[in-house]
Amino acid sequence: MASSVYSRSGRDDVTIKTKALVIREYIVGESDKYVTLFTKDLGKIQALAPKAKKYSGGLATGTQLFVYGEFMLTQYKDTYRLLSVDILDMFHDLRKDLFCLTYSSYIVEFVAAVTEEALVQEELLLLTLITLKNLSQEEKRLRLVRRIFELRALSLLGFMPQIKKCVDCEVFLTETEQTTYDFHVEAGGILCSNCQKHYIHTLKISYGTLYTLRYIMATPVERLFKFEVSEQVLKELEHISEDYRSYYIDKSFKTLDFISKLHQLEKK
Ligand SMILES: [Zn+2]
């Protein structure tokens, strides 16, 4: 726990310092606010931010959605109370465009849904921060950035698809650009040409999509977003990611409805 400092200030409450991202905020009563923090050292926690609604500056600024900073908190039993925030990044640019804001809201809604209280998930936090950074800089690539995030996050959550060998007989897949591959969501990966005959509802994907999936699973997070794909590969990735996420993460997301509505309006 290198970045956190624990010290005892009273008989029972403890002061904690940790880096964290605000993934949810909600008002309680007249002036207080609760925030859900995705922290580096404590996983997901809820914290009370006293007077954060009423007064500008201080905790009001530091407890807005998407703020990443160094948070000082006191802990008493299961309750965290926010003392101060040293803001490192506010991700201001996420608010410059409605599409960008909606995609970013989905990212943090997803993270809030899949993380567990007090379970440290440092790599998922890093992935989330880098995804938000990319969304803020790449308005034209929102669809791709979202799918890269989802597929890598699912892999970090223990649902990495098998894409090197057949998910049934485990034979290594032969690779040629002319071949199409059969992805099976429930089986959890690619099927070879022999095994696919025994399955229904496979998703046909191109070599380019298989190659992209492998890149998304294996590349260090810092370099993860540095590529382009064709519209066909993007559509196949969207299809896989959509079906894969709904099968393995049994949750609905409010922001996804909003994303669909925005894209429908765009087409009109
Ligand atoms: Zn097989």
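Just so you know, residue 1 is the first one in the sequence shown, and it goes up from there. Read the numbers this way: they start at 1 and go in the same order the structure lists the ligands and their atoms. Every heavy atom of this structure was used, including side-chain atoms; hydrogens, water molecules and symmetry mates were not.
Between Lys164 and Glu170, none of the side-chain N atoms (NZ, or NE/NH1/NH2) sits under 4.0 Å from a carboxylate O, so this pair counts as no salt bridge.
Relative to the six-membered ring of Phe225, Arg141 misses at least one condition, a distance below 6.0 Å or an angle of at most 45° to the axis. For the pair Lys44 and Phe38, the cation-pi test (distance below 6.0 Å, angle within 45°) is failed.
Note: Thr212 OG1 to Met217 CE = 10.5 Å, rounded to the nearest 0.5 Å.
Protein contacts to the Zn ion (ligand 1) involving N, O or S atoms at a distance below 2.8 Å are Cys166 SG, Cys169 SG, Cys192 SG, Cys195 SG.
Between Phe227 and Tyr215, the ring planes lie perpendicular to each other; the angle is over 60°, past the 30° to 60° tilted range.
In this structure, Tyr106 has its ring center no closer than 6.0 Å to that of Phe258.
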